[in-house]
Amino acid sequence: MGIKGLMKFLQDAAPKAIREIDSQQAYTGRLMAIDASMCLYQFMIMIRENRSGSYQNLTNAEGQETSHIVGMLSRTIRLMENGIKPVYVFDGKPPELKLGELAARRQKREQAEANLQAAVEAGNAEEVLKSTKMTTRVTKEHNEQTKTLLGLMGVPVVDAPSEAEATCAALCRDGKVYAAATEDADCLTFGTKVLVRNLMAAESQKKQILEVSLERALEQLNISMDQFIDFCILSGCDYCDTLKGVGPSTAIKLLMQHGTIEKVIEEL
DNA sequence: ACTCTGCCTCTAGACGCG
DNA sequence: TGAGGCAGAGT
DNA sequence: CGCGTCC
């Protein structure tokens, strides 16, 4: 989804908007919105075992995949042990503007399936793993099973009408949660007041938890929220074609000069 | 010099044991 | 899918 | 840290 390089741009142009957090403990007692669909995708990809050259997910006695259950359970327990109250948001219908991209993705997956067959026959373990990951998909059943699990654990679940990221942002904007825990900077464009990066990765990997404040970013860039949205569109998003030769730096200059995206377009 | 682009790469959970 | 690194082109 | 297990 990506406004590419948005995080990097903020680090350069609005460093005061970004705060380093010591540990998850800082969020004890806080509600945090999390994109469940994104988590499940990662669990399905990563939680595997190598059985004689093929990389299979964990399964129950009936052969149903359980990797997403194991992943979600252990992760959620860890959050709760730190006093964090997660709110998991599930994807709804994809926005129409993304239908083209989804079709392209389906084609890639078909390609990957062919790759997988070839790699298995060639005995290329690395290529098998790579293709296996590219053919991995989160199904409706995975989502439903996970919702059941979270329900039994007493963890709230939200069904997004469309993109989960947008709903995470809305929950934060409306004060229902303290922050959105995501790696996707687009959440800021959707109005997230506080965005937390690397919340999960921090302990197991060597990554710093970073907290981005939308308010302070706007302050330091000296623009309004509407202008920030215009800035993101000008910088290039995947809802529309990009302007050749315009990246974050040029976009912010043009906006400072003309005020709104409409006036910028007029000038071009 | 600065900026954007394209292309390449790697990477992506959590835990415990030794 | 993203995100970072690097070479190259346009300004 | 590297490696195996989780089902």
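Naming convention: chains lettered A, B, ... in sequence-line order (proteins, then strands); numbering from 1 in each chain.
- Look at the C1' atom in both B:dT9 and D:dC6: the space between them is 30 Å, to the nearest Å.
- In this structure, CG of A:N198 is placed 16 Å from P of C:dG2, rounded to the nearest angstrom.
- For the P atom pair drawn from B:dG13 and C:dG4, the interatomic distance equals 15 Å after rounding to whole Å.
- Atom CZ of A:R109 is surrounded by more than 12 heavy atoms from other residues, nucleotides or ligands within 6.0 Å.
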**Full working for salt bridge (charged side-chain N to carboxylate O under 4.0 Å, His left out) between A:E144 and A:K147** = CA-CA 5 Å; A:E144 291 309 316; A:K147 285 181 197 173; 3.6 Å; yes

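- Side chains of A:N57 and A:S67: a donor-acceptor N/O pair is present below 3.5 angstrom, by distance only.
- Set against B:dC4, C:dT1, B:dT3, the side chain of A:R105 has C:dT1 as its closest nucleotide.
- Smallest separation of non-hydrogen atoms from A:I69 and A:L149: O-CD2, 3.9 Å.
- Rounded to whole Å, atom P of B:dT11 lies 17 Å from atom CD of A:E183.
- When all heavy atoms of A:I21 and A:Y27 are compared, the pair lying nearest together is CG1-OH, 3.4 Å.
- The stretch residues 135-157 of chain A does not touch DNA chain B, since none of its heavy atoms comes less than 4.0 Å from the strand.
- Screening A:T192, A:L10, A:L188 against A:L214 for a side-chain contact (heavy atoms from CB on, under 4.5 Å) leaves a single residue, A:L188.
- The separation between A:L254 atom CG and B:dT3 atom C1' is 12 Å, rounded to whole Å.
- Of the C1' atoms belonging to D:dC7 and B:dC8, the separation is 37 Å, rounded to the nearest Å.
- Remark: the A:T146 side chain and the A:Y88 side chain contain no N/O donor-acceptor pair separated by less than 3.5 Å.
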Identify the pairs formed between an N or O of the protein and an N or O of nucleotides 5-7 of chain D at a distance under 3.5 Å, and give each distance.
| residue | atom | partner | partner atom | Å |
| --- | --- | --- | --- | --- |
| D:dC7 | O2 | A:T59 | N | 2.6 |
| D:dC7 | O2 | A:T59 | O | 2.7 |
| D:dC7 | N4 | A:E49 | OE1 | 3.4 |
| D:dC7 | N4 | A:E49 | OE2 | 3.2 |

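- Considering all non-hydrogen atoms of both residues, A:C172 and A:A179 come closest at SG-CA, 4.0 Å.
- Taking atom CG of A:D35 as the reference point, atom P of C:dT1 lies 14 Å away to the nearest angstrom.
- Rounded to an integer number of Å, the gap from CZ of A:R106 to P of C:dT1 is 13 Å.
- Of all heavy-atom pairs between A:K133 and A:M46, the closest is NZ-SD, 4.1 Å.
- For the pair A:R197 CZ and C:dG4 P, the interatomic distance rounds to 7 Å; values are reported in whole Å.
- Here C:dA3 presents its C1' atom at 9 Å from NZ of A:K207, a figure rounded to the nearest Å.
- D:dT5 and B:dC10: their C1' atoms are spaced 25 Å apart (whole Å).
- Pairing each heavy atom of A:A181 with each of A:M32, the nearest pair is CB-CE, 4.3 Å.
- When Watson-Crick and G-U wobble pairs are counted only if both distances are under 3.5 Å, B:dG6 pairs with C:dC6.
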**nucleotides 5-11 of chain C: protein proximity per nucleotide (B base, S sugar-phosphate only, - neither; heavy atom, under 4.0 Å)** = -------

Can you pull every protein N or O that's under 3.5 Å from an N or O on nucleotides 14-18 of chain B?
| residue | atom | partner | partner atom | Å |
| --- | --- | --- | --- | --- |
| B:dA14 | OP1 | A:R75 | NE | 2.9 |
| B:dA14 | OP1 | A:R75 | NH2 | 3.1 |
| B:dA14 | OP1 | A:R78 | NH2 | 3.4 |
| B:dA14 | OP2 | A:S204 | OG | 3.4 |

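- A:F9 is linked by a ring-ring contact (aromatic ring centres under 6.0 Å, His included) to A:F231, counting only residues two or more places apart in sequence or in another chain.
- Contact annotation: A:Q42 reaches the phosphate of B:dG13 (side-chain N/O to OP1 or OP2, under 4.0 Å).
- Within the structure, no pair that satisfies the ring-ring contact (aromatic ring centres under 6.0 Å, His included) test touches residues 100-122 of chain A, not counting sequence neighbours.
- Taking 4.0 angstrom as the limit, A:S249 places none of its side-chain polar atoms (N or O) nearer than this to OP1 or OP2 of B:dC2.
- Annotation: A:Q117, atom CD; neighbour count of heavy atoms from other residues, nucleotides and ligands within 6.0 Å does not exceed 12.
- Checked by atom type, the side-chain pair A:T136/A:R48 shows a donor-acceptor distance below 3.5 Å.
- Atom NZ of A:K133 and atom P of C:dT1 are 14 Å apart (whole Å).
- Side-chain contact of A:Q227 with A:T260: a donor-acceptor pair under 3.5 Å is absent, judged by distance alone.
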